[in-house]
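Only one structure is covered here, and it is reproduced in the block below.
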2 protein chains.
Amino acid sequence: MRILVARCTVDYEGRLAAHLAEAVRLIMVKADGSIAIHADGGAYKPLNWMNPPNNLTETPERWTVTNTRGEQLVIELLEVLSDVTHDLGSDPGLRKDGVEAHLQELLAADPSVLEDGFRLVRREYPTAVGPVDMLCRDAAGAAVAVEIKRRGETQGVEQLSRYLEFLNNDPALQPVQGLFVAEEIKPQARVLADARGIRCKVVDYAVLRGDRPEDLRLF
Amino acid sequence: MRILVARCTVDYEGRLAAHLAEAVRLIMVKADGSIAIHADGGAYKPLNWMNPPNNLTETPERWTVTNTRGEQLVIELLEVLSDVTHDLGSDPGLRKDGVEAHLQELLAADPSVLEDGFRLVRREYPTAVGPVDMLCRDAAGAAVAVEIKRRGETQGVEQLSRYLEFLNNDPALQPVQGLFVAEEIKPQARVLADARGIRCKVVDYAVLRGDRPEDLRLF
DNA sequence: GACTCTATCTCGGTA
DNA sequence: TACCGAGGTAGAGTC
């Protein structure tokens with residue numbers, strides 16, 4: 001990884017046009033050829049960047065970075081304050097716990113959490129417009145399509161609506177109800193779900209995993 | 001900005017749990033207190049990060065970063081290869097041209113571009129499921145809900161469908177037609193719009209802005 | 001390669 | 001502050 005600190009201006013032409021006026025910034029060139037330009041604020045996003053693969057043409061005053069999609073980044077170097085290179089080696093990568101996939105696994109393992117008497121028919125139940133996260137039968141034997149999200153937004157309700165539209169064309173299943181499950185459900189998503197006759201259920205990943213019994217959450 | 005290159009392990013506990021095994025990485029500490037940890041690949045995303053405001057507790061072997069939302073990042077420093085600090089000063093920021101907002105402004109300024117006789121009722125017209133980009137009346141006085149995108153995809157059509165569903169419940173407006181406007185409309189989006197009775201209109205930002213007259217685009 | 005969906009999305013706007 | 005939507009979304013998985 002090459003780390004440059006320099007007073008510079010930057011121009012990007014590609015999916016849109018963007019310009020950075022003169023200032024001191026960090027320019028990171030990674031082993032895969034990617035380039036990122038950071039200011040001294042905002043943890044996550046570089047001001048400008050180019051994803052690999054890139055072609056870098058370098059002169060002392062100007063770097064021109066192009067890629068195969070017709071995007072171009074031009075860095076005018078007015079003053080280089082530092083220019084160092086470190087060999088970082090490869091990274092073992094990030095291990096995560098608590099994403100939507102884990103939520104799905106826990107709910108599939110015990111669907112009765114969603115409602116008494118629920119039993120799982122199939123995970124990733126296929127429809128013509130994509131797979132439903134879970135298809136269940138309730139205590140009365142009626143089919144229920146379950147869509148699971150970490151954050152419940154209107155988009156997820158739309159997704160479930162589409163699945164229900166198709167599932168309700170299957171004589172072996174119909175009528176199919178909808179259940180929208182998330183750790184957090186936004187007001188607009190709830191309004192839309194109500195309008196579509198879809199029920200909502202909020203769950204807690206930590207509780208499902210058994211870390212914190214439900215009654216302890218009162219504190 | 002402080003730039004550390006170090007062999008380290010990292011643990012994050014917050015919106016989810018994540019772990020990074022031992023490796024050499026770049027640790028960036030910005031003036032606003034934000035922290036980002038980068039590997040030598042992937043231009044954009046740090047492996048781990050903490051957004052400001054943060055509280056950083058530092059010992060030679062361990063950094064503990066916490067914020068007000070109960071998130072915590074712990075960095076175990078096994079070997080520090082470099083530790084430098086640069087004063088970058090403030091950044092004038094990024095100027096962008098060609099985003100959706102600019103498209104909206106130009107169309108709001110002259111809705112007749114969309115169709116002869118169109119006049120604007122209101123931008124960001126509110127509904128229970130979110131605001132429509134523009135509500136217009138056509139030459140005959142009929143209401144038209146307009147959704148504007150840079151890239152027209154099925155999602156945008158779904159969005160407009162949702163608005164229309166609710167707008168058509170308003171006796172003062174109904175019947176409300178839909179018009180989907182974008183610089184580029186994907187085939188699938190067009191098919192879906194047709195199926196929903198929504199009209200499509202392709203516009204060109206440069207032409208609207210007046211840079212390039214329509215007839216010059218033939219070359 | 002194109003399409004789909006998630007994300008510790010980030011970031012900006014607004015009520 | 002919370003909510004909403006755009007983004008050069010990026011990045012991962014699937015077909």
Side-chain angles (χ1 to χ4, degrees), chain A residues 11-18 34 36 41-52 67-73 93-94 96-104 124 126 129-131 133 147-151 153-156 158-159 162 182-191 205, chain B residues 10-19 34-37 41-52 65 67-73 93-94 96-104 123-124 126-133 147-151 153-156 159 162-163 186-189:
Chain A
D11 279 280
Y12 165 79
E13 282 279 347
R15 278 172 275 184
L16 56 60
S34 61
Y44 194 100
K45 261 188 96 160
L47 292 165
N48 274 110
W49 69 95
M50 287 284 276
N51 287 331
N67 68 16
T68 51
R69 285 178 298 189
E71 295 172 280
Q72 186 183 57
L73 189 77
L94 190 65
K96 292 190 202 181
D97 180 38
V99 295
E100 181 188 314
H102 302 140
L103 209 53
Q104 272 200 43
E124 303 294 340
V129 287
D133 286 340
E147 180 65 30
I148 301 161
K149 295 281 177 207
R150 239 167 24 89
R151 296 165 69 162
E153 299 176 12
T154 50
Q155 215 168 289
E158 293 279 17
Q159 206 178 329
R162 277 202 305 274
E183 289 192 271
E184 177 200 354
I185 296 181
K186 296 286 167 82
Q188 288 196 350
R190 206 176 277 275
V191 167
Y205 177 67
Chain B
V10 183
D11 280 279
Y12 165 78
E13 284 278 347
R15 279 171 278 182
L16 56 61
H19 174 73
S34 62
I35 294 187
I37 298 159
Y44 199 88
K45 249 188 111 158
L47 293 164
N48 275 107
W49 69 94
M50 287 283 277
N51 287 332
V65 189
N67 69 15
T68 50
R69 284 178 298 191
E71 296 173 279
Q72 186 183 57
L73 189 75
L94 189 65
K96 290 191 204 180
D97 183 35
V99 296
E100 182 188 313
H102 302 143
L103 210 53
Q104 268 200 46
R123 281 178 70 182
E124 302 294 340
T127 78
V129 288
V132 195
D133 285 339
E147 181 65 30
I148 301 162
K149 296 283 179 207
R150 239 165 22 89
R151 294 163 137 182
E153 298 174 14
T154 50
Q155 200 172 291
Q159 204 178 329
R162 219 157 57 220
Y163 298 148
K186 296 282 170 82
Q188 287 186 353

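Throughout, a chain's letter reflects where its sequence line sits, starting with A, and its residues are numbered from 1. In this text, all values refer to a predicted model and were calculated from it rather than measured experimentally.
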Atom [atom1] of [X] and atom [atom2] of [N]: how far apart are they, to the nearest Å?
X       : N       : atom1 : atom2 : value
E13(A)  : dG8(D)  : CD    : C1'   : 12 Å
L16(B)  : dA12(D) : CG    : P     : 15 Å
L47(B)  : dA10(D) : CG    : P     : 17 Å
Q104(A) : dA7(C)  : CD    : P     : 10 Å
R150(B) : dG8(D)  : CZ    : C1'   : 7 Å
N48(A)  : dA10(D) : CG    : C1'   : 15 Å

Nearest-Å distance once atom [atom1] is located in both [N] and [M]:
N      : M      : atom1 : answer
dC5(C) : dC9(C) : C1'   : 13 Å
dC4(D) : dG8(D) : P     : 22 Å
dT4(C) : dT8(C) : P     : 22 Å

Between E71(A) and R15(A), is there a salt bridge with N-O shorter than 4.0 Å?
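Salt bridge flag = yes for E71(A) with R15(A).
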
Provide the closest heavy-atom pair for A36(A) versus A43(B) in the form atom of the first, atom of the second, distance.
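That closest heavy-atom pairing would be CB-O, 3.4 Å.
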
So what does L94(A) hit on the nucleic acid, given a heavy-atom distance under 4.0 Å: a base, only sugar-phosphate, or nothing?
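Base: the residue L94(A), judged by heavy atoms under 4.0 Å, touches a nucleobase.
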
Determine the contact category for E153(A): base if any of its heavy atoms lies under 4.0 Å from a base atom, sugar-phosphate if only primed atoms, P, OP1 or OP2 are that close, otherwise nothing.
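The answer is nothing, as E153(A) stays clear of every strand by at least 4.0 Å.
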
Answer yes or no: is there a side-chain heavy-atom contact under 4.5 Å between D133(B) and R123(B)?
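No - every pair of side-chain heavy atoms lies 4.5 Å or more apart.
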
With side chains defined as the heavy atoms from C-beta onward, is the minimum distance between E147(B) and Y163(B) less than 4.5 Å?
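Answer yes - side chains close enough.
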
To the closest 0.5 Å, what do you measure between CG (L16(B)) and CG (L94(A))?
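Taking CG in L16(B) and CG in L94(A), the distance rounds to 8.0 Å.
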
Supply the atom-to-atom distance E100(B) CD to I148(B) CD1, rounded to the nearest 0.5 angstrom.
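Going from the CD atom of E100(B) to the CD1 atom of I148(B) covers 7.0 Å.
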
More than 12 heavy atoms of other groups within 6.0 Å of E124(A) CD:
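It does: E124(A) CD has more than 12 such atoms within range.
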
Between Y44(A) (side chain) and K45(B) (backbone), is there a donor-acceptor pair under 3.5 Å?
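Absent.
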
Distances for protein N/O vs nucleotides 2-5 of chain D N/O pairs under 3.5 angstrom?
{"unit_1": "dC4(D)", "atom_1": "OP1", "unit_2": "Q188(A)", "atom_2": "N", "d": "3.3"}

Tell me, for nucleotides 10-15 of chain C in 5' to 3' order, what letter each nucleotide earns: B for a base near a protein heavy atom under 4.0 Å, S for only sugar-phosphate near one, - for neither?
SS----

Can you check side-chain contact (heavy atoms from CB on, under 4.5 Å) on V10(B) and L73(B), steps first, answer last?
CA-CA 7 Å; V10(B) 183; L73(B) 189 75; 3.6 Å; yes

Quick one: stems for DNA chain D, with Watson-Crick or G-U pairs under 3.5 Å, at least three in a row?
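Correct response: C:1-7 with D:9-15, C:9-15 with D:1-7.
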
Under 3.5 Å, is there a donor-acceptor pair between the Q159(B) and K149(B) side chains?
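Side-chain D/A pair, Q159(B) to K149(B): present.
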
For residues D97(A) and Y205(A), is any side-chain donor paired with an opposing acceptor at under 3.5 Å?
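On atom types as modelled, these side chains qualify, holding a pair under 3.5 Å.
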
